[in-house]
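Per chain, numbering begins at 1; letters A, B, ... match sequence-line order.
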Amino acid sequence: MSINKALTEIKRATAEIIDFERVEKLVTAYYNEGKEYTIKLGLDPTSADVHLGHTVVLQKLATFQKFGANIQLIIGDFTATIGDPTGKSETRKILSKEQIEQNAKTYQEQIFKVLDPAKTEVFYNSQWLDELGTRGLTALTMNYNVARMLERDDFENRYKSQTPISISEFLYPLFQGYDSVALKSDIEIGGTDQKFNMHMGRHLQRAYGVGKEQAIVMVPIIEGLDGVQKMSKSLKNYIGVTDAPNEMFAKIMSISDELMWRYYELLSSKSLEDIEKLKSGVSNGTLHPKMVKEELAVEIVTRYHSEDDGKSALEAFNKQFKQNQIPDDIAEYKVEEGIWICKALVECGIEPSTSQSRRDIKQGAVRIDQEKVSDEQLKLESGEYVLQVGKRKFAKVKVG
RNA sequence: GGUGAGUUACUCAAGUGGCCAACGAGGGCAGACUGUAAAUCUGCUGGCUUUCGCCUUCGGAAGUUCGAAUCUUCCACUCACCA
């Protein structure tokens, strides 16, 4: 692959790159002299729920690995005890050491599904931050001043609205920046929300005479399933990397075609050229968009589960929806004979209340063994049935 | 510390004595159409072993009234202006 193609892949789907020239030089040196370089990613192990939004940066790192980068993965065990103020409107709660360790472990498990461990080194930043000492800490703080610290939007807003800012939060960007000094990183990567902190790394590398200033690669925040708001757990529009294969598959299939291309760009391991081919195939009608989406879904499920899971998720999906068949793995429940249909639906957990059941029956959303239920007074005779609400909620019941 | 405005369902937001389980919007769910996509159209969106009925809800508590989300008092919280 040519240097130009490599650089195009690197630039793909990035939000912003600061000092791109430097990246160019590093990649060129790798191609001409086989010289490798380092790229740093700091992880804040404060939460264990990893979703696809967090993996965008990992895809980018996987790309860099192909083009001569060694990854410096920093588990921010020290900084996690402070709490990153980014995007926060109040001082963050501090986690226990055990929680941090547990989260760090979960992260690494997920990360090595995407990254090559041979080209990845894991560090804990307490390693050098613990040794800094009061003297070292003081020296570090002398490299920045309060006025510039307050330039940060979230600090500025909090200061103006008189929301407390802890001194320790001022230290966070300094510590993160110091990681770059300790590791002499060539590039730092992170989300756009990390801009300030990553700039600090550049600033401190110069202040400490490291002899280089890291380039900064920022990846965008991915949109959630709705295609509008950012992917987040609280908005319930996320795909978790630990989601069950079939669920993960179905979630990806439910995104809009437009959003699909965005996901391709940000999450797929396919090259830009291959994606272009798919796009033109769809626009000239030779490829069905649903097939293209399936391909993406299989890729993602395979990545976080296995090839077999990817295949079987595809089969299960088509079986259920294309051919309108009932899925194999549905939960079974036992209920009493003569039970009212509405009550049975609630007991199987596919309806929240009998009132809701009534409404759904009225709308023709409820089926027993594929047959639409029209009588909301129906009582179930003994036997075995498959209850269904809408297209995706199923339950098997044994009556009697 | 003083004064004023506010607190309504998942969210925003109307309602200022009975027609209120509470307008509207978003979201969500379901139906039609499809590729379980999007867009569009339609319906629903507190609960109840039974629904032109009953029960619980409009920050919390107490009261006025035949009747309160709406009026009164106290409490809690949020915001604005003044000091």
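Rounded to the nearest Å, the gap between the C1' atom of B:rU65 and that of B:rU70 is 13 Å. Rounded to whole Å, the P atom of B:rA25 lies 36 Å from the corresponding atom of B:rC77. Between B:rA14 and B:rA9, the two P atoms lie 13 Å apart (nearest whole Å). Comparing B:rC23 with B:rG46, their P atoms are spaced 9 Å from each other, to the whole Å. B:rG35 sits 31 Å from B:rU45 when the P atoms are compared, rounded to a whole Å. Going from the C1' atom of B:rU7 to that of B:rG59 covers 6 Å, rounded to whole Å. Rounded to a whole angstrom, the distance from the C1' atom of B:rA68 to that of B:rC20 is 11 Å. Nucleotides B:rU42 and B:rU49, compared at atom C1', are 31 Å apart to the nearest Å.
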Donor-acceptor contacts, no H, no angles, side chain residues 249-258 of chain A, under 3.5 Å, sequence neighbours left out:
unit_1	atom_1	unit_2	atom_2	d
A:Lys251	NZ	A:Tyr238	O	3.1
A:Lys251	NZ	A:Asp243	OD2	2.8
A:Ser254	OG	A:Lys251	O	2.8
A:Ser256	OG	A:Leu259	N	3.2
A:Asp257	OD1	A:Lys293	NZ	3.1

Enumerate donor-acceptor pairs with a distance under 3.5 Å from any side-chain N or O in residues 277-285 of chain A to protein atoms, sequence neighbours excluded.
unit_1	atom_1	unit_2	atom_2	d
A:Ser280	OG	A:Glu276	O	3.3
A:Ser280	OG	A:Lys277	O	3.1
A:Ser283	OG	A:Lys279	O	3.2
A:Ser283	OG	A:Ser280	O	3.1
A:Asn284	OD1	A:Thr286	N	3.1
A:Asn284	OD1	A:Thr286	OG1	2.8
A:Asn284	ND2	A:Ser280	O	3.3

**Complete:** Parsed dot-bracket for RNA chain B after applying the Watson-Crick and G-U rules with both distances under 3.5 Å and | for other-strand partners is ((((((((.[[[..)..(.....]]]((((((.......))))))(((....)))...[[[[[..)....]]]]]))))))).

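Among B:rA37, B:rU51, B:rA32, the nucleotide with an atom closest to any side-chain atom of A:Ser256 is B:rA37. Side-chain proximity of A:Lys391 to B:rU50, B:rG31, B:rC29: nearest is B:rG31. Among B:rG35, B:rA30, B:rG47, the nucleotide with an atom closest to any side-chain atom of A:Arg392 is B:rA30.
At a threshold of 4.0 angstrom between heavy atoms, the contacts of A:Lys379 include nucleobase atoms, whether or not backbone atoms are also involved.
Spacing between atom CD of A:Glu258 and atom P of B:rA39 amounts to 10 Å, rounded to whole angstrom units. Atom CZ in A:Phe249 sits about 17 Å away from atom P in B:rG35, given to the nearest Å. For the pair A:Gln377 CD and B:rU49 C1', the interatomic distance rounds to 9 Å; values are reported in whole Å. Between A:Gln320 atom CD and B:rA37 atom P there is a gap of 13 Å when expressed in whole angstrom units. Taking atom CZ of A:Arg358 as the reference point, atom P of B:rU45 lies 13 Å away to the nearest angstrom. Distance, A:Met291 CE to B:rA37 P: 16 Å, rounded to whole Å. Distance CD1 (A:Ile252) to P (B:rA38): 15 Å, rounded to an integer number of Å. Atom CE of A:Met260 is separated from atom P of B:rA39 by 15 Å (rounded to the nearest Å).
Distances shown here put every side-chain N or O of A:Ser254 at or beyond 4.0 Å from the OP1 or OP2 atom of B:rA37.
Residues forming a side-chain contact (heavy atoms from CB on, under 4.5 Å) with A:Gln363 (at least two apart in sequence, or on another chain): A:Asp360. Legend: residues meeting side-chain hydrogen bond (donor to acceptor under 3.5 Å, both in side chains) with A:Arg392, ordered by chain and number and at least two apart, are absent. A:Lys25 pairs by the side-chain contact (heavy atoms from CB on, under 4.5 Å) definition with nothing, not counting sequence neighbours. A:Ser268 meets the side-chain hydrogen bond (donor to acceptor under 3.5 Å, both in side chains) test with A:Glu299; sequence neighbours excluded.
Atom-to-atom distance recorded for A:Cys348:SG and A:Lys343:NZ is 12.0 Å, nearest 0.5 angstrom.
Evaluation of atom-type donor-acceptor distances gives a pair under 3.5 Å for the side chain of A:Asp257 against the base of B:rG35. In terms of polar N and O atoms assigned as donor or acceptor, the side chain of A:Lys290 never comes within less than 3.5 Å of the base of B:rU34 in a complementary pairing.
Apart from A:Ile361 itself, the hydrophobic cluster it occupies contains A:Tyr333, A:Val335, A:Ile339, A:Trp340, A:Ile341, A:Leu345, A:Ile350, A:Val366, A:Ile368, A:Val373, A:Leu378, A:Leu380, A:Tyr385, A:Leu387, A:Val389, A:Val397, A:Val399, where clustering links Ile, Leu, Val, Met, Phe, Trp and Tyr at side-chain heavy-atom distances under 4.5 Å. In this structure, A:Ile221 stands alone, with no Ile, Leu, Val, Met, Phe, Trp or Tyr side-chain heavy atom under 4.5 Å from its own, directly or through other members.
Listed by residue number, the members of residues 359-369 of chain A with any heavy atom below 4.0 angstrom from RNA chain B are A:Arg359, A:Gln363, A:Gly364, A:Ala365. Listed in residue order, the members of residues 336-344 of chain A having a heavy atom less than 4.0 Å from RNA chain B are A:Trp340, A:Lys343.
Identified under the salt bridge (charged side-chain N to carboxylate O under 4.0 Å, His left out) test for residues 178-189 of chain A, with sequence neighbours left out: A:Arg22-A:Asp186, A:Lys40-A:Glu188, A:Asp186-A:Lys212.
Ring to ring, A:Tyr37 and A:Tyr30 are not that close: their centroids are 6.0 angstrom or more apart. Note: A:Tyr208 and A:Tyr178 meet the aromatic proximity criterion, with ring centroids under 6.0 Å apart.
Of the two residues near RNA chain B, A:Lys372 and A:Ala250, the one whose nearest nucleotide lies more 5' is A:Lys372. Residue-to-nucleotide proximity on RNA chain B shows that, of A:Val389 and A:Thr354, the 5′-proximal contact is made by A:Val389.
The aromatic rings of A:Phe67 and A:Tyr31 sit tilted relative to each other, their planes meeting at an angle between 30° and 60°.
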**Message:** Test side chain to side chain contact (heavy atoms under 4.5 Å, CB included) on A:Met218 and A:Lys195; report intermediate values, then the result.
**Reply:** CA-CA 7 Å; A:Met218 282 173 264; A:Lys195 191 172 182 175; 3.8 Å; yes

